[in-house]
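Heads up, the thing below is written out as structure tokens.
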Amino acid sequence: MATLRERFRRVRAIGGLAVQAGLAAALAWFVAHELLQVSQPVFAPISAVSTLAASVGQRLRRTVELIIGVTVGVLIGDLLLLVIGTGWWQLVLIVVLAIVVALFLAGSAAVVTQAGATAVLITTLSPSVRDLEIPRFVDALVGGGLALLVTAVLLPLNPLRVLNRAARPVLDLLGAQLGATADALAARDAGRARAARSALRQNKGQLQAFVEATQGAREASTLSPVHWRERHGPVGRYAQAAEPIDRAMRNSGTLIRRSVTLIEDGEPVPEALPEAVADLAEAVRLLKRQFAAGAEPNRAREQALRAVRAAGRAYREGVGFSGAVVVAQVRTTVSDLLVATGLTQGEANHLVRGAFGGLETSASGNGTDRLASS
């Protein structure tokens with residue numbers, strides 16, 4: 001049953017894309033066949049679907065790549081056909097040259113594919129099909145252009161929804177594993193901390209989806225008049241959060257790894273240390289909710305600084321070597337989250353230092369220099 005639910009969730013997530021692709025393909029065929037009088041406008045709907053099949057945020061680029069690839073294939077194919085004629089060895093030479101030129105001009109797999117495919121069509125069909133070049137080029141323009149029209153005007157994506165859908169798994173994973181680490185520290189349970197460390201490492205696919213979503217949100221808010229105003233509001237701030245959240249993930253991984261070592265080595269665990277990590281987990285959860293609502297993430301900032309204050313108390317109570325690293329990583333991760341909320345790195349660092357307080361400790365040699373630089 002869980003598998004069936006997952007399938008329905010997947011269909012619901014891409015249902016909008018399917019409708020966009022169907023509408024764009026139909027419009028591309030109609031415009032090419034009925035308005036531009038292309039007799040067999042097969043490539044126009046193919047171009048439309050190919051553009052929409054690109055990752056969200058790469059559709060404008062995919063359209064340009066289609067046009068460049070078709071242009072290279074047409075030019076190379078036509079020029080060489082005039083000189084060397086048609087045949088199997090001519091096909092080899094034309095396709096090789098078209099791909100080499102496409103690689104030199106763009107280097108994109110999509111450009112290379114279109115250049116090679118168009119060169120094949122020109123070489124094999126030109127002897128029997130007249131005036132193939134112009135319809136092929138027009139089809140690429142029509143298909144790609146109408147795909148962009150559908151996504152930007154007729155059925156525009158909601159950039160905030162795109163971001164929410166991609167960011168939710170990332171922030172859920174980060175918040176959950178930080179929370180599990182806080183519990184592990186409080187209970188001195190190294191096994192639970194190791195499980196959190198392993199779970200957090202499974203984040204590459206989710207982070208990549210989030211990065212692509214930020215590209216899609218920027219594209220949607222740039223191309224769609226409906227969402228122009230959102231470029232500098234919550235969508236703009238949200239779209240800039242991918243890099244600092246990626247850093248927060250990596251720094252949290254170090255935090256959890258050192259928590260495992262701390263417990264295994266039997267280092268002191270001041271009561272404020274698991275409190276700091278728990279406050280950090282709650283800051284991540286608040287950030288997710290406030291991003292989803294399109295609200296200014298003030299509560300998330302306050303909660304993150306609460307984590308820094310608890311880390312400062314833990315440090316001054318006395319921690320060992322790994323404990324000092326955990327404290328330092330709380331500070332660094334909070335700085336990343338503050339940047340994700342829209343603050344500059346300088347502003348974030350200033351707030352973190354102010355919230356942490358003094359570096360005087362009740363134990364010597366526990367990493368003051370390391371903390372002072374974080």
For the atom pair CZ (Arg188) and CD (Glu267), what is the distance rounded to the nearest 0.5 Å?
-> 9.5 Å

Does the cation-pi check pass for Arg316 over Phe356, that is, NZ or CZ under 6.0 Å from the six-membered ring centre and within 45° of its axis?
-> yes

Nearest heavy-atom neighbours spanning Ile76 and Ile94 = CG2-O, 3.7 Å

For the residue pair Asn349 and Gln345, confirm or rule out a side-chain donor-acceptor distance under 3.5 Å.
-> yes

Nearest non-hydrogen partners of Ala193 and Ala184, listed with the distance = N-CB, 3.6 Å

Which value, rounded to the nearest 0.5 Å, describes the distance between Thr333 atom OG1 and Arg250 atom CZ?
-> 10.5 Å

Does any non-hydrogen side-chain atom of Thr261 lie less than 4.5 Å from one of Val325?
-> no

In a table with atom names and distances, give each donor-acceptor pair under 3.5 Å that connects a side chain of residues 169-181 to protein atoms at least two apart or in another chain.
{"residue": "Asp172", "atom": "OD1", "partner": "Lys288", "partner atom": "NZ", "Å": "2.7"}
{"residue": "Thr181", "atom": "OG1", "partner": "Gln177", "partner atom": "O", "Å": "2.7"}

State the CG-CD1 distance between Asp189 and Ile263, to the nearest 0.5 angstrom.
-> 7.0 Å

Do Pro244 and Arg247 have side-chain heavy atoms sitting under 4.5 Å apart?
-> yes

Please check if the side chain of Gln290 supplies one atom and the backbone of Glu296 the other of a donor-acceptor pair under 3.5 Å.
-> yes

Consider only side-chain heavy atoms of I, L, V, M, F, W and Y, link residues closer than 4.5 Å, and tell whether Val142 and Leu27 are in one cluster.
-> yes

Determine the minimum heavy-atom distance between Ala186 and Pro274, stating which atoms define it.
-> N-CB, 3.9 Å

Distance (rounded to the nearest 0.5 Å) between Gln303 CD and Leu305 CG | 9.5 Å

List in chain and number order the residues that pass side chain to side chain contact (heavy atoms under 4.5 Å, CB included) with Gln90, two or more places apart in sequence or in another chain; answer none if no residue qualifies.
-> Ile84

Taking every non-hydrogen atom, the tightest pair across Ala355 and Arg309 | O-CG, 3.1 Å

Give the cluster check for Val352 versus Ile245: same hydrophobic cluster or not, with ILVMFWY residues linked at side-chain heavy-atom distances below 4.5 Å.
-> yes

Measure the shortest side-chain to side-chain distance between Pro297 and Leu286 over non-hydrogen atoms and say whether it is less than 4.5 angstrom.
-> no

Is a side-chain donor or acceptor of Gln329 paired with a backbone partner of Asn251 at a separation under 3.5 angstrom?
-> yes

Salt-bridge test for Arg257 and Glu264: reply yes if a basic N is under 4.0 Å from a carboxylate O, no otherwise.
-> no

